[in-house]
Structures are given as C-alpha cells and as structure tokens.
Enquirer: 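Next up is a structure, given as structure tokens.
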Amino acid sequence: MRRILCFGDSNTYGYSPVDGQRYGDDINWPGVLGSLLGDSFEVINEGKNGRTIAFDDPYKDGCNGMNDIETCLEDHEPLDLVIIMLGTNDLKVYFDATPEIVAKNMRELCDRVQAKTDARVILASPALLGDQIEFSPLHLEFGRTQVDYSFELAPCFEKIAKEIGAEFIDLAMVAMSSDVDCLHLMPEEHAKVAQAMKDKVLWVFREELAREAKEKEEAARRQQEEEEARLRAEEEARLKEEKEREEREREARLRAEEEMRQRAEEEARRRAAEEARLRAEEEIRQQAETEVIQQNVEEVDRDAEEGARLRLQAILKAAEKEAAKESVQETGGLNADFVLGNDLGEAGQEAAGTVETPGTGISSSSSEKEKMLSGKLYICDAALRAEAAEARKITTVYNQTTNAEISKRTELLTRLFKKVGKTPYIEPPFRCDYGSNITVGDEFYANFDCIMLDCANIKIGDHVFFGPKVNIYTACHPIYAPVRNQQLEYAKEVTIGDDVWIGGNVTINPGVHIGNNVVIGSGSVVTSDIPDGVVAAGNPCRILRRISEADKKYWEEQMALI
C-alpha cells in the first residue's frame with residue numbers, strides 16, 4: 001500500500017465557508033481522493049486552518065508550516081508521496097509578502113521535505129482568491145492586491161517544481177473559491193480537486209502501477225488455469241455423485257409409491273365406513289326436525305297475527321304525525337319549542353346567531369387605541385382615523401420643507417413623535433401611521449423614503465442610521481380570513497438599540513428587537529430578534545459574524561489616515 005501525505009491549509013483541512021465546520025472525509029478533497037484511489041493507497045490529511053508556509057500568524061498560534069513539516073513527516077513515515085498545497089495564507093495583508101517571497105519560502109519548505117524523506121513530491125498552486133474578497137468577511141486579511149498576487153503564485157511554484165524534480169498542478173485551473181468568503185472551497189470544488197489530484201497521483205506512479213498490473217494479470221491467468229482444472233475435477237466428481245444419487249432416489253421412489261398405494265386402499269375403506277355412519281345420522285336428524293316443525297306451526301300462526309296488529313298501529317301513528325306537521329306549517333313555520341312556550345336561552349340564541357360572541361373586541365369598554373397599543377385585536381375607529389389624519393397633515397408639511405428649514409423640520413418631528421432626542425434628521429419623504437407611538441434617540445438619521453407603521457410603539461436608540469427605503473412595520477393581520485375580513489388587526493412593538501446602522505431597502509417586521517452595536521445589510525428582511533454586536537443580512541436576515549476587536553483596530557487605523 002502506498003502512503004500519501006496531504007500537507008496544506010484550511011482548504012486541505014476541509015473548512016466550510018458556510019458554517020465554519022469541517023467537511024467530512026466524504027467531502028474534503030483528501031478524503032475523496034482516498035476513495036477514488038482505492039485500497040492500494042492510504043491518504044493522510046494533514047491540513048490545518050490558517051497554516052502558512054513560513055510566517056507566524058499573530059492571530060493564530062502554531063500555523064507556521066516550516067515548523068510543522070519535519071515532525072509531520074516523522075509521525076507518518078514511511079511515505080511514498082507528499083502533496084503540498086500552501087501559499088494562500090502567506091498573502092495576508094499583515095505579512096506584506098510578494099509572490100516572489102512566498103515562492104522563496106516554498107522552495108525552502110520543499111528542500112526540507114526532500115532532505116527528510118525519499119518520498120516523491122507534488123507541488124500544488126492553490127485556487128485564486130475571489131474578486132470580491134475585499135467585501136467579504138475576510139476583508140481585514142485580504143484586499144485587491146492579494147487577489148492580484150494570487151494569480152502570480154502558479155508560475156512561481158511551477159518553476160520550483162521543475163528545479164527540484166517534483167510534479168506540479170495548478171488548482172486555479174481546476175476549482176474556484178466560494179462566493180461566501182472568496183477563499184474556501186464548496187463541496188463540488190473539493191470533488192474537482194480530488195479528481196485532478198487522482199489523475200496526477202496515477203501519473204506519478206504510472207510505471208510502478210503498470211508493472212504491478214502486468215504481474216497481477218499474469219497471476220490472475222495462472223490462478224484462472226488452476227481454477228479451471230479444479231472445476232473440471234469437481235465436475236467429474238459431481239457427475240459421478242449425481243448418477244449414484246439418482247439411482248438411490250429411484251429406489252426410494254419405488255418404495256414410497258408402494259407405501260402410498262397401500263395407504264390409499266386403507267383410506268378408501270375408512271371413508272366408505274364413515275359415509276355409511278353419516279347417512280344413518282342424517283336420517284335420524286331429519287325425522288326429528290319434521291316432528292319439531294309440526295309442533296311449531298301453531299305458534300308461527302299466532303306470531304303472524306300479532307305482527308299484523310303492531311304494523312297497523314305504527315301506520316296510524318305515522319299518519320297523526322304527518323297531520324301535526326302540516327298544521328305547524330300553516331301557522332307560519334313556528335318550531336315546536338316556541339309553540340310550547342319554551343325559552344331558547346343563551347345557547348339557543350348563539351346557535352341562531354343572535355348573541356354577540358366574546359373575543360372580537362368590538363364591544364369592549366376599553367378604547368381601540370388602548371387595545372392597539374396592548375397588542376390586542378382592535379378596529380381602526382373614528383378616533384384613530386382622526387389621529388392618523390392629523391399625522392398625515394404634519395408629514396405632508398414636513399415632506400414639503402427644504403434643506404434650509406432644519407429648525408422647522410425639528411419642530412414638526414417634535415410635534416409628530418412621542419419623544420425626540422438631540423438633532424434628529426429625516427430626509428423627506430417620510431411616512432407613518434400616527435407618529436405618536438414613535439420614540440427616537442439622539443442623532444437619529446433616516447435617508448429618503450423611510451416608512452414607520454407605528455400601530456404599536458417603535459423605540460429607536462441613540463446614534464442610529466437608516467439607509468434609504470427602510471421600512472418598519474408593527475401592524476399585523478389575523479391569519480384566519482373570517483376574522484381578518486371584519487377589519488380586525490393587531491400590532492407588535494419594534495425596538496432598535498444604540499449605535500445601529502441599517503442599510504438601504506431593509507424591512508423590519510412586527511415584534512422584532514434589534515440590539516446595540518448592530519449592522520444590518522441592505523435588502524434584508526428582519527423577521528426575528530438580532531442580538532448585540534453582530535453583522536446580519538439576508539432574507540430572512542441571519543447573523544453573519546460578530547463585530548470584533550479586529551474591526552475596531554482596522555477602522556481606527558483608517559480614521560487615523562484622514
């Protein structure tokens with residue numbers, strides 16, 4: 001069995017860009033490669049997340065491949081082949097390494113491998129970084145320059161492979177990094193890498209495999225000849241045994257047929273005797289039944305007479321009921337309970353649809369606004385419509401103001417909203433239901449076309465920024481159509497914490513609570529709560545990652561450059 005060591009980074013390890021977990025051996029390319037090569041090869045996965053060729057990563061301990069390689073070779077010896085797939089992590093921004101520096105380090109790593117083992121080497125140039133990596137979750141580690149550098153690794157690595165007598169494979173011609181983070185491989189790309197690696201491995205061992213195949217073919221031919229000779233001997237023995245068995249079976253069959261004939265004759269005699277006994281018993285039974293029938297004739301006649309009398313009584317009663325029914329119809333269709341003076345009661349009235357049923361909220365003593373703000377079913381009555389009309393008047397005036405009328409805008413928002421912090425700014429046009437249920441903190445900003453349907457309270461903290469076309473909905477309608485068709489609705493409160501940035505064209509659904517220090521990506525539909533300190537996006541909106549110290553450091557450095 002030939003042993004192959006796969007020494008690489010997270011794409012050899014099998015890191016999933018979707019959930020950060022590790023792909024199983026049925027997905028990661030070393031595991032799939034082992035399945036493709038079969039039992040005559042053993043593939044060892046020595047991938048490590050964040051591994052570099054020669055750099056010590058300040059954010060990940062123990063990832064310097066130059067420090068790992070010799071120990072790794074000793075742990076897995078003997079080895080027939082070493083596949084090296086590294087270089088991507090050496091392009092990180094904070095290493096400031098050019099492709100030439102990365103290639104120089106790769107040459108030293110290969111020299112160490114060849115000094116430690118006689119195993120053959122395949123040098124793999126990794127897949128290219130995605131064009132959009134500077135906008136991905138890895139934008140702090142890779143930028144546009146690193147994307148360009150990734151194109152230059154293949155020719156540098158190919159030159160090294162020729163110099164050291166190793167095989168070379170350019171995985172940029174085989175697989176593409178995912179759109180999720182522009183770095184790691186999706187399952188289908190792992191399958192492509194495994195297939196390309198299989199072809200390269202078979203090429204490396206082509207001469208040995210051809211020789212072994214020839215030896216196997218010769219051994220198989222000798223084995224086939226021996227098997228054919230054995231089968232001929234077995235067939236001759238089988239025919240002899242079969243002839244002897246057939247003779248024994250013929251003799252046994254003759255004995256069995258004789259025994260069956262004797263049993264058949266005995267059974268025929270027994271059956272004849274049994275039939276004679278049954279005939280005698282049947283004659284006795286028929287005679288007894290005749291006597292019983294004669295005794296019951298008189299009783300049957302009496303029963304028939306009584307049955308006729310009872311049927312006549314039933315016919316008369318049916319006629320009386322029909323006459324009574326016709327009489328009721330002539331009196332106007334009153335039911336029997338009414339004629340007898342019975343009271344239907346509450347249950348009867350409810351069945352007839354004459355009693356108001358609880359639960360609709362229509363006849364409650366509390367106001368519709370109180371029910372609306374408490375999350376109960378309510379109807380938009382005259383008072384609520386008047387509040388909404390007043391809000392429309394204020395927003396109409398507000399939407400006609402100019403950028404020079406900042407103080408007037410602030411005064412209108414103070415009249416419209418329940419509570420307003422320092423220096424609020426909303427770009428017209430702006431729409432809301434009532435305004436009186438909206439609270440905004442200090443330095444609130446909303447871009448064009450903001451809509452807040454404030455049937456329930458909308459509470460927004462300090463330093464909150466909205467992109468254009470951000471919509472906040474608190475209004476809900478019943479799923480059950482007969483209730484919804486009565487114009488009944490209800491509402492759920494929405495809250496947004498401090499220091500929140502919400503991108504353009506985001507929809508926030510009823511009942512959602514967004515924490516502090518949150519970024520919501522544009523175009524998101526927020527259907528559930530978002531905790532503190534995260535970046536979230538999508539439809540439905542989900543958490544992409546936490547806001548980390550690395551983000552703080554990066555943006556403080558950017559601000560220092562101003």
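Nothing fancy with the numbering, it's 1 onward along the sequence.
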Enquirer: Answer yes when E218 and K214 have at least one side-chain N-carboxylate O distance shorter than 4.0 Å, and no when they do not.
Expert: no

Enquirer: With a 4.0 Å cut-off, would you call E74 and K116 a salt bridge?
Expert: yes

Enquirer: Quick check: does any side chain N or O of E251 sit under 3.5 Å from a backbone N or O of R248, one acting as donor and the other as acceptor?
Expert: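 Side chain of E251 to backbone of R248: no pair is present.
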
Enquirer: To the nearest 0.5 Å, tell me how far I160 CD1 sits from N105 CG.
Expert: 9.0 Å

Enquirer: State, without any angle test, whether N28 and D25 hold a side-chain donor-acceptor pair at a distance under 3.5 Å.
Expert: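 D25 and N28 do have a side-chain donor-acceptor pair below 3.5 Å.
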
Enquirer: Taking K459 for the side chain and E493 for the main chain, is one N or O donor matched with an acceptor at less than 3.5 Å?
Expert: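 A pair under 3.5 Å: no.
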
Enquirer: Look only at the side chain of H139 and the backbone of S136, and say whether a donor-acceptor pair between them is shorter than 3.5 Å.
Expert: yes

Enquirer: Indicate yes or no: at least one non-hydrogen side-chain atom of Q195 is less than 4.5 angstrom from one of L36.
Expert: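 Side-chain contact under 4.5 Å: yes.
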
Enquirer: Heavy-atom count around D96 CG within 6.0 Å, excluding the residue itself: above 12?
Expert: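 Not buried by this count: 12 neighbours or fewer within 6.0 Å.
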
Enquirer: Should we count CE of M66 as having more than 12 external heavy atoms under 6.0 Å?
Expert: yes

Enquirer: If you round to the nearest 0.5 Å, how far is CG of D449 from CZ of F430?
Expert: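 If I round to the nearest 0.5 Å, the distance is 11.5 Å.
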
Enquirer: Out of the candidates I53, T88, T52, only one should pair with D9 under the side-chain contact (heavy atoms from CB on, under 4.5 Å) rule; please name it.
Expert: T88

Enquirer: Measure the CG-OG distance between N505 and S522 for me, rounded to the nearest 0.5 Å.
Expert: 7.5 Å

Enquirer: Looking only at atom types and distance, does a side-chain atom of K200 sit under 3.5 Å from a main-chain N or O of F168, one as donor and one as acceptor?
Expert: yes

Enquirer: Nearest 0.5 angstrom please: L153 CG to D90 CG, how far?
Expert: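 One gets 8.5 Å once the value is rounded to the nearest 0.5 Å.
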
Enquirer: Can a donor-acceptor pair be found between the side chains of T495 and H513 at a distance below 3.5 Å?
Expert: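 A pair is found: one side chain offers a donor N or O, the other an acceptor, under 3.5 Å apart.
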
Enquirer: Considering only NZ, NE, NH1 and NH2 on the basic side and carboxylate oxygens on the acidic side, decide whether R238 and E235 come within less than 4.0 Å.
Expert: yes

Enquirer: Between D56 and N64, does any side-chain donor sit less than 3.5 Å from a side-chain acceptor?
Expert: yes

Enquirer: Quick one about Y94 and D57 (side-chain donor to acceptor, distance below 3.5 Å, no hydrogens or angles considered), yes or no?
Expert: yes

Enquirer: Does E236 form a salt bridge (charged side-chain N to carboxylate O under 4.0 Å, His left out) with K240? I'd like the steps, not just the answer.
Expert: CA-CA 6 Å; E236 292 174 357; K240 180 180 179 181; over 6 Å; no

Enquirer: So that I can tick it off, tell me whether E208 and R120 are bridged by a salt bridge, with the cut-off set at under 4.0 angstrom between side-chain N and carboxylate O.
Expert: yes

Enquirer: For the side-chain contact (heavy atoms from CB on, under 4.5 Å) test, which of V512, I438, V494 pairs with T474?
Expert: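 In the set V512, I438, V494, the residue that makes a side-chain contact (heavy atoms from CB on, under 4.5 Å) with T474 is V494.
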
Enquirer: Is the shortest distance from a Lys or Arg side-chain nitrogen in E207 or R211 to a carboxylate oxygen in the other one below 4.0 Å?
Expert: no

Enquirer: Does any N or O in the side chain of S524 come within less than 3.5 Å of the main-chain N or O of G538, such that one atom is a donor and the other an acceptor?
Expert: yes

Enquirer: Treating D462 as the side-chain partner and D498 as the backbone partner, does any N or O pair qualify as donor plus acceptor under 3.5 Å?
Expert: no

Enquirer: What is the distance from atom NE2 of H477 to atom OH of Y490, rounded to the nearest 0.5 Å?
Expert: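 Going from NE2 on H477 over to OH on Y490, the span is 9.5 Å.
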
Enquirer: Please round to the nearest 0.5 Å and tell me the distance separating atom CZ of F205 and atom CD1 of I4.
Expert: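 So the gap between those two atoms works out to 5.5 Å.
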
Enquirer: Taking E42 as the fixed residue, which of H76, R2, R3 is the one that meets the side chain to side chain donor-acceptor pair (under 3.5 Å) rule?
Expert: R3

Enquirer: Is the Y445 ring parallel, tilted or perpendicular to the F465 ring (thresholds 30°, 60°)?
Expert: perpendicular

Enquirer: If you measure from the Lys or Arg side-chain nitrogens to the Asp or Glu carboxylate oxygens, is any gap between R250 and E247 under 4.0 Å?
Expert: yes

Enquirer: Determine whether more than 12 heavy atoms belonging to other residues, nucleotides or ligands lie under 6.0 Å from atom CE of M260.
Expert: no

Enquirer: In terms of heavy-atom contacts, does CD of E217 have more than 12 from other residues, nucleotides or ligands at under 6.0 Å?
Expert: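 12 or below, so no.
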
Enquirer: What pairs of residues pass the salt bridge (Lys or Arg N to Asp or Glu O under 4.0 Å) test when at least one of them lies in residues 522-545, not counting sequence neighbours?
Expert: R545-D551

Enquirer: Give a yes-or-no answer on whether the side chains of D68 and T71 include a donor-acceptor pair shorter than 3.5 Å.
Expert: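 The answer is no; no qualifying pair exists.
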
Enquirer: If you count heavy atoms of other groups shown closer than 6.0 angstrom to CG of L239, is the number above 12?
Expert: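 Result for CG/L239: enclosed.
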
Enquirer: Under 6.0 Å from the CG atom of D118, do we count more than 12 heavy atoms belonging to anything else shown?
Expert: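 Open.
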
Enquirer: Run the salt-bridge test on E258 and R255 with the 4.0 Å N-O cut-off and return the result as yes or no.
Expert: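 Looking at R255 together with E258, the answer is no, because their closest N to O distance does not fall below 4.0 Å.
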
Enquirer: So does D148 have more than 12 non-hydrogen atoms from other groups sitting under 6.0 Å from CG?
Expert: yes

Enquirer: Counting only heavy atoms not in D39, do more than 12 fall under 6.0 Å of its CG?
Expert: no

Enquirer: R107: what forms a side chain to side chain donor-acceptor pair (under 3.5 Å) with it, not counting sequence neighbours?
Expert: D111, E163

Enquirer: Determine yes or no for a side-chain-to-main-chain donor-acceptor pair under 3.5 angstrom, with R144 supplying the side chain and E134 the backbone.
Expert: no

Enquirer: Could you tell me whether a side-chain N or O of E167 sits under 3.5 Å from a main-chain N or O of V204, the two making a donor and an acceptor?
Expert: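 It does not hold such a pair.
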
